[in-house]
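Beneath this line is the structure, given in structure tokens, with notes to follow.
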Amino acid sequence: MIWETLKEQRRTLRRPIGHIATILTEPDARPHYCIVMDDSDGGVRISIPHDFELPDKFILRRYSGKEARYKVVWRKGHLIGAQIIGKRRQQTIHSVGGAAMNAK
């Protein structure tokens, strides 16, 4: 009975990740680091620095180079739950003199 109310309510399975990613508040904005705690087909749970105010919509760029747009659906301290609102795409990055640059 009580266990039925505590059952997982998500439509898709949550996968633990624990990888570092970067948050971009705008396409050419300075990146902010975060930790992707887990993800699913529909969203992510991330941990952000205490001194960073995450806007309601942002771009999350994974270490693999894949990025997608998200919108915040809940906040609990420095933990954020966000829903994907854009298709994932591969971002091509080249390293030049130690600095990462987007390929055109």
Side-chain angles (χ1 to χ4, degrees):
M1 293 180 271
I2 192 167
W3 298 113
E4 291 300 314
T5 60
L6 297 176
K7 194 190 281 186
E8 186 68 53
Q9 298 294 314
R10 287 177 184 71
R11 293 182 203 148
T12 58
L13 183 64
R14 191 184 262 188
R15 297 173 296 272
I17 302 292
H19 292 169
I20 294 175
T22 53
I23 293 170
L24 302 167
T25 55
E26 296 175 14
D28 293 325
R30 180 180 141 247
H32 296 272
Y33 289 100
C34 70
I35 298 174
V36 179
M37 306 299 290
D38 53 52
D39 74 354
S40 67
D41 292 340
V44 293
R45 180 172 55 137
I46 60 174
S47 176
I48 61 172
H50 294 284
D51 61 347
F52 175 56
E53 274 198 48
L54 183 68
D56 289 336
K57 292 184 179 179
F58 62 94
I59 298 168
L60 183 69
R61 182 177 294 156
R62 311 273 181 134
Y63 178 77
S64 65
K66 291 183 180 178
E67 64 180 38
R69 294 188 68 72
Y70 290 86
K71 75 173 181 179
V72 174
V73 292
W74 59 264
R75 297 171 190 260
K76 186 173 183 181
H78 65 280
L79 291 177
I80 306 291
Q83 177 181 9
I84 192 166
I85 57 174
K87 293 183 180 180
R88 289 184 174 99
R89 65 183 188 136
Q90 185 72 30
Q91 179 70 25
T92 306
I93 307 238
H94 296 286
S95 181
V96 178
M101 295 180 58
N102 293 340
K104 302 233 178 197

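This structure is a prediction, so every number in the text was calculated from the model and none was measured.
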Do you know which two heavy atoms are closest between Asp38 and Pro16, and how far apart they sit? CB-CA, 3.8 Å
Could you tell me whether the side chain of Arg61 reaches within less than 4.5 Å of the side chain of Leu24, counting heavy atoms only? yes
The reported gap from NZ in Lys57 to CD in Glu26 (rounded to nearest 0.5 angstrom) is 13.5 Å
I want to check something: taking the side chain as every heavy atom from C-beta on, are Asp51 and His78 in contact at a cut-off of under 4.5 Å? no
Checking Val72, Val73, Leu79 against Arg75 for side-chain contact (heavy atoms from CB on, under 4.5 Å), the one that qualifies is Val72
Is the shortest side-chain heavy-atom distance between Val44 and Ile17 below 4.5 Å? no
Drop me the distance from Ile46's CD1 to His19's NE2, to the nearest 0.5 angstrom. 15.0 Å
How close do Leu60 and Val36 get, heavy atom to heavy atom, and via which atoms? CD2-CG2, 4.1 Å
Partner of Asp39 under salt bridge (Lys or Arg N to Asp or Glu O under 4.0 Å), picked from Arg62, Arg45, Arg14, is Arg62
Do Ile59 and Arg69 have side chains that approach each other closer than 4.5 Å (heavy atoms only, starting at C-beta)? yes
Ile23 and side-chain contact (heavy atoms from CB on, under 4.5 Å): which single residue from Tyr33, Phe52, Tyr70 fits? Phe52
